[in-house]
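Report on the following structure.
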Amino acid sequence: MVPIEHVVGLSAILFAIGVVGALTRRNVVVVLMSIELMLNAVNLAFVGFNRLAPAGAEGANLDGQVFVLMVITVAAAEVAVGLAIVISMFRNRDSIDLDEVSLLKW
């Protein structure tokens with residue numbers, strides 16, 4: 001059995017890699033992948049902490065897995081909207097570089 005410290009450490013490392021990727025890269029696809037990495041790090045932490053929770057009166061405690069399903073749902077919606085924005089941006093600008101997108105800037 002893997003100790004919880006290892007699971008939390010791996011989750012923190014994956015989340016840090018995702019944050020660095022989202023903040024430093026200019027390609028929209030890479031930023032979306034970094035956000036997915038952060039969401040998966042959170043999922044790993046949910047499942048890891050769920051293993052520590054005691055079983056309820058009815059049986060196994062599945063709260064962590066339920067949260068993971070919700071996060072996966074949000075991630076799927078984020079990817080669908082994000083890729084639609086990327087396709088629209090590429091059709092209009094012929095680039096997916098975040099520095100060239102200034103539609104929301106004053």
Side-chain angles (χ1 to χ4, degrees):
M1 184 165 156
V2 178
I4 190 66
E5 294 86 9
H6 294 171
V7 174
V8 172
L10 178 62
S11 175
I13 290 170
L14 289 175
F15 193 84
I17 291 171
V19 167
V20 169
L23 294 178
T24 59
R25 302 303 296 256
R26 299 290 90 197
N27 188 329
V28 177
V29 176
V30 175
V31 171
L32 287 174
M33 290 187 334
S34 298
I35 292 171
E36 291 294 322
L37 189 61
M38 288 189 283
L39 290 173
N40 284 326
V42 171
N43 285 341
L44 181 64
F46 275 141
V47 172
F49 283 121
N50 189 52
R51 289 179 55 199
L52 292 177
E58 302 87 31
N61 187 0
L62 299 176
D63 292 342
Q65 281 83 0
V66 171
F67 278 116
V68 167
L69 287 176
M70 293 173 60
V71 170
I72 289 172
T73 305
V74 170
E78 175 252 337
V79 166
V81 172
L83 288 178
I85 291 172
V86 168
I87 290 171
S88 175
M89 188 168 63
F90 185 75
R91 285 183 179 171
N92 291 330
R93 304 274 178 170
D94 289 333
S95 174
I96 55 172
D97 188 10
L98 286 175
D99 289 334
E100 295 179 11
V101 179
S102 61
L103 295 173
L104 298 178
K105 292 181 182 177
W106 290 92

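Start at 1 with the first residue, then count along the sequence. Hydrogens, waters and symmetry mates are skipped; everything else that's a heavy atom, side chains included, is used.
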Where do S34 and G18 come nearest, in terms of heavy atoms and distance?
-> CB-O, 3.3 Å
T73 (side chain) donor-acceptor with L69 (main chain) under 3.5 angstrom = yes
Going by heavy atoms in the side chains, are F49 and V7 under 4.5 Å from each other?
-> no
Find out if a path of hydrophobic residues (ILVMFWY) with successive side-chain heavy-atom gaps under 4.5 Å connects V47 to L37.
-> no
By side-chain contact (heavy atoms from CB on, under 4.5 Å), which residues pair with V86, not counting sequence neighbours?
-> V28, V29, L32, I96
Are L39 and I72 joined in one hydrophobic group, where the rule is that I, L, V, M, F, W and Y side chains link up if heavy atoms are under 4.5 Å apart?
-> yes
Determine the minimum heavy-atom distance between A41 and F15, stating which atoms define it.
-> CB-N, 3.6 Å
Mind checking side-chain contact (heavy atoms from CB on, under 4.5 Å) for I85 and listing every partner two or more places apart, or none if nothing turns up?
-> V81
Out of curiosity, I4 CD1 to R51 CZ, how far, rounded to the nearest 0.5 Å?
-> 7.0 Å
Compare all side-chain heavy atoms of L10 with those of L14 and state whether any distance is below 4.5 angstrom.
-> yes
Sub-4.5 Å side-chain heavy-atom contact between R25 and M33 | no
Honestly curious: do L44 and I35 fall in one hydrophobic cluster under the side-chain, below-4.5 Å linking rule?
-> no
Is L23 reachable from V42 through a run of hydrophobic residues whose side-chain heavy atoms are each under 4.5 Å from the next?
-> yes
Go through the structure and list residues passing side-chain contact (heavy atoms from CB on, under 4.5 Å) with I13, not counting sequence neighbours.
-> I17
Okay, side chain of N50, backbone of F46: is any donor-acceptor separation there less than 3.5 Å?
-> no
How far does CG of L83 sit from CD of E78, to the nearest 0.5 angstrom?
-> 8.5 Å
Heavy-atom closest pair (M38 atom, A22 atom, distance to 0.1 Å) is CE-CB, 4.2 Å
Does V74 belong to the same Ile/Leu/Val/Met/Phe/Trp/Tyr cluster as V68, with side-chain heavy atoms less than 4.5 Å apart forming each link?
-> no
